[in-house]
Student: 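Dropping the structure in here first, questions after.
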Amino acid sequence: QVKLVESGGGLVQPGGSLTLSCATSNSDFTINVMGWYRQAPGKERESVATITRGGTTKYAESVKGRFTISRDNAKNAAYLQMNSLKPEDTAVYSCYTKASWGDVAYDFWGQGTQVTVSS
């Protein structure tokens with residue numbers, strides 16, 4: 001199994017910034033896609049940003065120009081820099097990876113970290 005642990009969440013005022021980190025514990029899996037998802041109460045979980053091993057990124061329309069995803073392939077770690085935060089960004093943010101062992105692909109999720117944007 002690949003274990004993912006998020007950190008960096010908290011309370012921030014509108015217009016502020018936070019950086020989320022995702023650390024992984026992995027022995028034999030190859031970490032392919034990494035990303036961040038979020039879920040607010042009463043809403044479905046949505047993809048915020050993803051990044052491939054080669055550095056190709058995709059963002060949700062609502063966060064384009066404000067959030068930046070990055071990764072360290074040597075450490076198998078991912079990061080999410082969040083700027084110009086809005087109240088609607090409030091949610092539990094979870095780290096995600098699509099990893100492979102041989103020719104078989106698996107999905108893994110972290111426990112989540114709370115981000116609250118409020119004045």
Side-chain angles (χ1 to χ4, degrees):
Q1 291 252 339
V2 176
K3 298 185 182 300
L4 305 100
V5 180
E6 306 95 334
S7 62
L11 175 64
V12 65
Q13 294 185 347
S17 299
L18 284 175
T19 300
L20 305 182
S21 299
C22 176
T24 64
S25 298
N26 170 49
S27 295
D28 299 318
F29 284 85
T30 297
I31 305 298
N32 300 314
V33 177
M34 297 193 74
W36 292 91
Y37 285 70
R38 68 185 181 186
Q39 186 169 24
K43 297 184 178 180
E44 296 295 320
R45 184 174 62 187
E46 65 173 343
S47 176
V48 177
T50 61
I51 184 168
T52 69
R53 186 173 181 84
T56 300
T57 59
K58 293 183 179 180
Y59 296 93
E61 186 68 27
S62 61
V63 307
K64 287 182 179 178
R66 300 189 297 120
F67 292 10
T68 302
I69 187 172
S70 61
R71 65 185 288 173
D72 185 330
N73 290 335
K75 297 180 179 180
N76 287 323
Y79 310 91
L80 186 68
Q81 176 66 47
M82 304 184 293
N83 299 324
S84 301
L85 283 162
K86 305 174 180 179
E88 52 263 43
D89 295 319
T90 297
V92 174
Y93 285 71
S94 299
C95 184
Y96 158 85
T97 185
K98 180 178 290 291
S100 62
W101 186 86
D103 293 330
V104 182
Y106 301 85
D107 296 327
F108 299 99
W109 299 87
Q111 82 286 354
T113 185
Q114 178 71 46
V115 172
T116 302
V117 185
S118 179
S119 60

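Worth knowing before you read on, the calculation uses all heavy atoms, side chains too, and leaves out hydrogens, waters and symmetry mates. On a predicted model such as this, the values are computed, not experimentally measured, just so you know.
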Student: To the nearest 0.5 Å, what is the distance between OG (S119) and CG (L11)?
Tutor: 9.5 Å
Student: How many angstroms lie between atom CZ of R66 and atom OG of S17, to the nearest 0.5 angstrom?
Tutor: 10.0 Å
Student: W36 and side-chain contact (heavy atoms from CB on, under 4.5 Å): which partner among L20, T50, I51?
Tutor: L20
Student: Count I, L, V, M, F, W, Y as connected when their side-chain heavy atoms are under 4.5 Å apart, and connections chain through other members. Are V5 and F108 then in the same cluster?
Tutor: no
Student: Does the pair R53 and N73 meet the rule for a side-chain contact (heavy atoms from CB on, under 4.5 Å), with working shown?
Tutor: CA-CA 7 Å; R53 186 173 181 84; N73 290 335; 3.8 Å; yes
Student: Between T113 and S7, is there a side-chain heavy-atom distance shorter than 4.5 Å?
Tutor: no
Student: For the NZ atom of K64 and the OH atom of Y59, what is their distance to the nearest 0.5 Å?
Tutor: 10.5 Å
Student: Kindly compute the distance separating OG (S118) from CD (Q13), expressed to the nearest 0.5 Å.
Tutor: 8.5 Å
Student: Measure up the W109 and Y96 rings against each other and bin them: parallel (under 30°), tilted (30 to 60°), perpendicular (over 60°).
Tutor: tilted
Student: Can you check whether Q111's main-chain N or O pairs, donor with acceptor, with E6's side chain at less than 3.5 Å?
Tutor: yes
Student: List the atom of D107, the atom of K98, and the distance in Å for their closest heavy-atom pair.
Tutor: OD1-NZ, 3.1 Å
Student: Would one find more than 12 heavy atoms of other residues, nucleotides or ligands at under 6.0 Å from atom CD of E88?
Tutor: yes
Student: Test side-chain contact (heavy atoms from CB on, under 4.5 Å) on T97 and Y106; report intermediate values, then the result.
Tutor: CA-CA 8 Å; T97 185; Y106 301 85; over 6 Å; no
Student: Working to the nearest 0.5 angstrom, can you tell me the gap between I31 CD1 and D72 CG?
Tutor: 12.5 Å
Student: Determine the minimum heavy-atom distance between K43 and Q39, stating which atoms define it.
Tutor: O-NE2, 3.2 Å
Student: L80 and side-chain contact (heavy atoms from CB on, under 4.5 Å): which partner among I69, V63, V115, T19?
Tutor: I69
Student: Can you see which heavy atom on A60 is nearest to which on S47, and at what distance?
Tutor: CB-O, 3.4 Å
Student: Applying the side-chain contact (heavy atoms from CB on, under 4.5 Å) criterion to L85, which one of T90, T116, V12 satisfies it?
Tutor: V12
Student: Count I, L, V, M, F, W, Y as connected when their side-chain heavy atoms are under 4.5 Å apart, and connections chain through other members. Are V104 and V33 then in the same cluster?
Tutor: no
Student: Locate the shortest heavy-atom distance separating A91 from A40; write the atom from each residue and the value.
Tutor: CB-N, 3.9 Å
Student: So, taking the atom named CD in Q81 and the one named CG in L18, what distance separates them when rounded to the nearest 0.5 Å?
Tutor: 8.5 Å
Student: Measure across C95 and L4 and return the closest heavy-atom pair with its distance rounded to 0.1 Å.
Tutor: SG-CD2, 3.5 Å
Student: Which atom names give the shortest non-hydrogen contact between M34 and T24, and what distance separates them?
Tutor: CE-CG2, 4.0 Å
